[in-house]
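See below for the structure under consideration.
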Amino acid sequence: MSGLIFANPAILFGLLSLPVIWWLLRLTPPRPKTEVFPPLKILASVLKREETPSKSPWWLTLLRMALATAVILAIADPVMNPRVNSLNADGPLVLVVDNGWASATDWERRVQTANLLVDDAESADVPVSIAFTADPSHDAVPGTAAAAREKLAAARPKPLVPDRVRAAEAISEAMNGNRPGTLVMVSDGVAAPQDAEALSVLAALSPAQLRLIEGDGRSAVAITDAVNNAGAMSVTATRLTTGAPQQLAVNALDAQGRALASGTFEFAAGAATATAEIASPFELRNDFARLGLDGLATAGSAHLLDDGFKRRRVALLAGESGSDFQPLLQPLYYISRALQPYADVIQPNTADLSVSIPQILEGNPSAIILADVGRLPAETYAPLQQWISRGGTLIRFAGPRLAAAPSDDPLVPVILRQGERALGGAMSWSEPQPLADFPSFGPFAGMPRAADITVTRQVLAEPTPDLAERTWASLADGTPLVTTKEVEAGRIVLVHTTAEATWSNLPLSGNFVEMLRRLVQIARAGGAASSGPAADGAAATLAPYRLLTADGILTTETGTAQPISVAPNQTPVASFDHPPGLYGTEDGFTAVNLLAPKTVIAPFDMAPAGAAVAREGLAGGEAISLRPALFAAAFALLVLDSFVVLFMNGAFARGARRNRGAAAAAIVAALAFGLFAFIPGQTMAQDMPPGAGTKPGDEQILERLDTTHLAYVVTGEADVDNLSEQGLEGLSQFLTYRTTLEPGAPVGLDITKDDLSFYPIIYWPISANAPMPSQAAISRIDAYMRNGGTVLFDTRDQYSALDGGGTTPNGERLQAILANIDIPPLEPTPEDHVLTRSFYLLTNFPGRYTGSPLWVEARQEARNTGAQLSSSGDGVTPLLITGNDLAGAWAIDPQGAPVLPTVPPDEMQREYAYRAGVNIMMYMLTGNYKADQVHVPALLERLGQ
C-alpha cells in the first residue's frame with residue numbers, strides 16, 4: 001500500500017479553469033477615496049478625468065490562485081497510501097483470526113483489519129469464511145459480508161493459547177472441497193503447538209492467494225514462572241520481539257490489587273527470556289496474590305499465585321531433646337536450620353508430648369515433624385488423626401525409637417519391620433547405599449541425584465502391592481527411603497533414616513534442605529481445614545473460582561470452564577476447558593496460569609504452508625486522506641486574503657471608524673469558525689449532546705463526597721423518621737465534639753432510588769407498621785453491603801421483648817427483610833472484637849435499652865463457607881443488628897436536650913450509647929486497623945494488664 005490516488009479524480013478538470021481565474025483576478029476595482037462633503041468639491045471631482053482600474057498585485061493574484069487550487073484538490077480527495085482491493089475473486093475469502101492472549105492489546109486494530117478485508121470481499125462479491133483460533137467451536141461456513149461483520153463484532157480476545165489446528169480443520173470441513181480465492185491469517189505473531197499441522201491443513205485447500213497479517217509483537221510478553229526462594233522471589237518472563245534491549249517492571253500485588261513490591265526484567269538484545277528478583281521480607285511475600293507486568297494488560301502478563309507460595313507453620317517434636325553442648329547431635333538441629341528460611345518453625349516448651357501435642361494442634365500448623373518419636377501418648381492419637389484427615393501433613397523421621405515401636409502404628413504410612421537395617425561395618429555383608437534416581441512422580445521429581453549421599457542405617461518396610469506407588473525416594477538397592485500415605489485430605493510421610501547425621505550424611509547435604517522444603521510445601525498453607533465438607537475434598541476435583549480475562553483481570557464469571565483435577569506436586573496449565581484463573585474455593589485454591597514453566601515464546605512461522613506468503617501489517621493509519629489538510633489550508637489562505645483586502649481598503653488606517661473595526665473582527669471570527677469546523681477531530685459546543693456539561697444534582701454529589709454524612713432509611717412513618725434524624729444529628733454533634741470527624745447534616749434515604757454508595761453506614765430503624773420494602777429495594781441494600789457498605793438494623797424492641805419473651809413484630813419484619821439477603825453467619829460482638837476498641841474501650845453497646853447484644857458477622861473460624869455475602873471493606877462487617885434503639889438514645893431537640901429518656905433513666909447509659917455510636921463510626925471508617933498488633937501494648941496498658 002503506497003502512492004497517491006484521488007477519490008474523485010474528475011474534479012481535477014477544474015484545474016483547467018485556473019487561467020480564467022487568473023485573468024479575472026488580475027483586475028481589482030479602484031481604491032475607495034474619502035472626500036469632504038461640500039457639494040462643490042463633489043462636482044469638481046465629477047469633472048475629473050476617467051480613471052481606469054489598476055492591475056492586481058502579482059502576489060495577491062498568486063495567493064488567490066493557491067486558494068482556488070487547494071479547494072479543487074480538496075474536493076478531489078487525495079489519499080496517501082490508499083488501500084487497494086487485491087483479493088482474488090476466484091473463490092471465497094477465508095479469514096483465520098488469532099484471538100488468543102497476545103491479541104488483547106491491539107484487538108480493535110485486528111477487528112478493523114478484518115473488517116476492511118470483508119469490505120473488499122463484499123466489493124468483489126465473494127463469500128467470507130471466518131474462524132477464531134481461541135474459540136472452542138467454529139462456524140466457518142462461507143457466508144455474506146454482513147454475517148462476517150456480525151461475527152467480528154461479537155468476537156473477543158480469550159485468555160488462551162490459540163488452537164490453530166482446530167480452526168484449520170473447521171475451515172477445511174466448511175469449504176467442502178472448494179478452493180479459497182484468498183486465505184488471510186490475521187496472526188498474533190506467537191507460535192503455538194502443532195502450527196505445522198494447522199498450516200498443512202490450510203495448504204491442502206490450495207488457496208489462490210495466501211496472506212499473513214501481523215502486529216509488531218512488542219506487547220507479547222508473558223510471565224512463565226515464579227519461585228519463592230529464601231531471600232527473594234525469582235520471576236521468569238519471555239518475550240516475542242528480541243531485537244533490542246528492553247526493561248520491564250514487574251509488580252507483586254496482594255489480593256486487593258495493591259502493589260507490595262516490584263522488580264525489573266532486563267532483556268538483553270537477542271534474548272527471549274529474563275529473570276527479575278523481587279526482594280522483600282518473607283512475611284510480606286506471603287501476602288503476594290499475583291504478579292503483573294507494568295504497562296501490559298494481558299492474560300500472559302498476569303501470573304497468579306496460590307497457597308504454594310505462602311509461608312507454612314511447622315511444628316517440630318523430637319523423641320529426645322539432645323544435649324545443648326552438642327547441637328549437631330540434636331535431632332531437630334538440621335531440620336530447624338533447613339526450614340527457617342522457608343517456614344515459621346514452632347517448638348514446644350515442654351518435652352511432655354501429652355501436653356505439647358494438644359498445644360500445637362490448637363495453633364493448627366500446616367505440618368508437624370516428628371524426629372525419632374516411637375510411641376505417642378494414647379490420648380494424642382485421635383486428635384492427631386483428626387488433624388491429618390482435615391488436611392494436616394505429618395512428617396516422621398526414623399531412629400532407634402521408631403525402629404523399636406510396634407508395627408501397627410496408625411501414624412506410619414507403611415508397615416515397618418521390627419528393628420533397623422545396618423549397611424556396612426564388620427557385622428554386615430552390604431555396603432552403605434547411595435540414593436537412586438527420584439521417580440517421575442512425587443514432590444522430588446526433577447531433582448538431581450546426589451552421588452555423595454550414602455545411608456548406613458534405615459528402617460525397612462514390609463513389601464506390599466502398592467509400596468512402589470507410595471515410595472517417593474529409594475536407595476540404589478530399591479529399598480524405600482521416603483514413603484507416604486494419604487489419609488482423607490491429609491498425608492503422612494516417613495523418612496526411613498534419622499534427621500541427624502548418625503544414620504546417613506543426607507542431613508549434611510543441600511538435597512536435605514530441598515527435599516524438606518518440598519515436603520513442607522505440599523502441606524496446606526493455612527493448616528488443616530476447620531471441619532465439615534470443606535475438608536473432605538481437598539484432593540478432589542476443583543471447580544473454577546475466579547478466572548482471568550484476556551486483559552489479565554480476575555472475574556467471577558466462570559462461563560463454560562470445567563472443574564480441574566490437579567495431581568499432587570504438578571503445575572496445572574490452562575486449556576480450553578480450564579482457562580487461567582483460580583480453582584477451588586475462598587478457603588483454598590490452586591492457580592492455573594496461561595503458560596507452563598520454562599516456556600519460551602517464538603515467532604509464528606508460515607514456512608510449513610509451502611507457498612508464497614504476502615506479509616502485511618495491521619490496519620490503523622496507512623491510508624491518510626489529505627482532504628482535511630487541504631480544506632484547512634484553503635481557509636487559512638481565505639483568512640489571509642481577507643486581511644489583505646481589509647488593509648488595502650483602509651480598514652486598519654489611522655482614524656478609521658470603530659464600526660469598520662467591528663465589521664472586520666466579525667469577518668475574521670466567521671472565517672476562523674469555518675476554519676476550525678474543517679479541522680478533523682474537533683468537537684464544537686453545539687455538537688455536544690444535551691446535558692453533557694454540568695448535570696442537575698452535581699453540587700449535591702460533590703457535597704456528599706466532600707463531607708461524611710450519617711444516613712438513615714426513610715420508613716414512611718413520620719415519628720420514626722423524625723426520631724432517626726434527631727438521633728443521627730445528636731451523634732453527629734457528639735462526634736464533632738469528641739473526635740476529629742465533623743459529619744454533615746443527617747441524610748434520609750429512599751432506598752428505592754437514592755444512591756447509597758456515598759455513605760459508609762446506613763441506620764435502618766425497623767418498624768412493623770411501615771410498608772414492607774420491595775424486592776428491588778432489598779436487592780439494592782444487598783448490593784450495597786456486597787460492595788463494602790454496612791447497614792445497622794435496629795429493631796428497637798428490646799424493652800418489648802423482655803415482656804413477651806418471643807419474637808416481636810419488629811423482629812419478624814427484620815426476618816422478612818433479611819430472608820431474601822444472603823447474609824453471613826452472625827454472632828454477638830466478641831469481647832476482643834475491633835468494635836470494642838475502635839475509639840473507646842467498651843464491653844457492651846447500649847441505646848435507650850441495654851439488654852440486646854450487637855450482632856456482627858461471625859469471624860472466619862465461625863463463618864459458613866457457603867455464604868456469598870462478605871465484607872469487602874477491610875474486615876468490616878456488612879451488617880449490624882441490635883434492639884437497643886440507638887437513635888432514641890442519641891436523639892436531641894434543637895436546643896440540644898435529649899428527646900427520649902433511657903430505660904431505666906440513666907445519663908451514663910446515654911453517654912455509653914454515644915460512645916457506642918462513636919466506636920461504630922470509627923470502625924466503619926478505619927476497618928480492622930485497631931486489630932493490628934502494634935496496638936496491643938497500649939490496649940493492655942489501658943486494661944491494666
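Side-chain atoms of Y923 come within 3.5 Å of backbone atoms of T877 as a donor-acceptor pair (strictly under, hydrogens ignored). Under the 3.5 Å distance criterion, the side-chain polar atoms of R813 are matched with a main-chain donor or acceptor of A770. A donor-acceptor pair is defined here as one N or O able to donate and one able to accept, closer than 3.5 Å; such a pair exists between the side chain of D906 and the backbone of M908. Between the R546 side chain and the G581 main chain, no donor and acceptor come within less than 3.5 Å of each other. Looking only at distances, a side-chain donor or acceptor of S724 sits under 3.5 Å from a matching main-chain atom of V720. Proximity of a side-chain donor or acceptor of R290 to a complementary backbone N or O of G257 within less than 3.5 Å is not detected. Of the possible donor and acceptor atoms, none in the side chain of D306 sits under 3.5 Å from a partner among the backbone N and O of T590. A donor-acceptor pair under 3.5 Å links the side-chain atoms of Q909 to the main chain of R848, judged by distance alone. Side chain of D893 to backbone of A897: a donor-acceptor contact under 3.5 angstrom is found. A distance-only check finds a donor-acceptor pair linking the side chain of T829 to the backbone of L854 [under 3.5 Å].
Looking at L594 and L548, their side chains never come closer than 4.5 Å, going by heavy atoms from C-beta outward. With contacts defined as side-chain heavy-atom distances shorter than 4.5 Å, the pair V592/L304 does not qualify. Side chains of I781 and W764 form a contact here, defined as non-hydrogen atoms less than 4.5 Å apart. Counting heavy atoms from C-beta outward, S767 and R796 have side chains that approach closer than 4.5 Å. Looking only at side-chain heavy atoms (C-beta outward), E831 and T836 stay at 4.5 Å or farther from each other. Looking only at side-chain heavy atoms (C-beta outward), T752 and R780 stay at 4.5 Å or farther from each other. Using a 4.5 Å cut-off on side-chain heavy atoms (C-beta onward), L735 and L731 make contact. Side chains of L547 and Y583 form a contact here, defined as non-hydrogen atoms less than 4.5 Å apart.
Because its NZ or CZ atom is not both nearer than 6.0 Å to the ring centre of F288 and within 45° of the ring axis, R285 does not count as a cation-pi partner of that residue.
Between F734 and Y840, the angle of the ring planes lies from 30° to 60°, which puts this pair in the tilted group.
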Practice problem: Determine, stepwise, if the pair H303 / V235 fulfils side-chain contact (heavy atoms from CB on, under 4.5 Å). | Solution: CA-CA 10 Å; H303 190 83; V235 187; over 6 Å; no
Quiz prompt | Residues V903, D885; criterion side-chain contact (heavy atoms from CB on, under 4.5 Å); working and verdict | solution = CA-CA 10 Å; V903 181; D885 192 9; over 6 Å; no
Quiz item: Stepwise, does the side-chain contact (heavy atoms from CB on, under 4.5 Å) test hold for F589 with L542?
Solution: CA-CA 8 Å; F589 46 78; L542 303 177; over 6 Å; no
Quiz item: Would T739 and F839 count as a side-chain contact (heavy atoms from CB on, under 4.5 Å) if you check the C-alpha gap in whole Å, the side-chain angles of each, and the deciding distance to 0.1 Å?
Solution: CA-CA 9 Å; T739 73; F839 194 84; 3.6 Å; yes
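Taking NZ of K753 as the start and CD1 of I751 as the end, the distance is 12.5 Å to the nearest 0.5 Å. If you take OG1 on T843 and OH on Y912, they are separated by 7.5 Å, rounding to the nearest 0.5 Å. Residue N810 holds its CG atom at 13.0 Å from CZ of F793, rounded to the nearest 0.5 Å. The line from CG of D750 to OG1 of T715 is 11.0 Å long, rounded to the nearest 0.5 Å. If you take CE on M922 and OG1 on T740, they are separated by 6.0 Å, rounding to the nearest 0.5 Å. Separation of atoms CD1 (I553) and OG1 (T298) is listed at 11.0 Å; rounding is to 0.5 Å.
When each of I881, L880, V856, L818 is tested with L826 by the rule side-chain contact (heavy atoms from CB on, under 4.5 Å), just one qualifies, namely I881.
Closest approach of A226 and L305 over heavy atoms only: CB-CD2, 4.3 Å. When every heavy atom of A913 is checked against every heavy atom of W890, the shortest pair comes out as O-NE1, 2.9 Å. Across every non-hydrogen atom of N919 and L835, the tightest pair is ND2-O, 2.8 Å. Annotation for S280 and L284: closest pair CB-CD2, 4.0 Å, computed over non-hydrogen atoms. Residue E725 comes nearest to Y712 through the heavy atom pair CB-OH, 3.6 Å, listed as atom of the first residue, atom of the second, then distance. Taking each heavy atom of P760 and H709 in turn, the nearest pair found is CD-O, 4.3 Å.
No hydrogens or angles considered: nothing links the side chains of T850 and N884 as a donor-acceptor pair under 3.5 Å. When only modelled atom types and interatomic distance are considered, S757 and D755 share a side-chain donor-acceptor pair under 3.5 Å.
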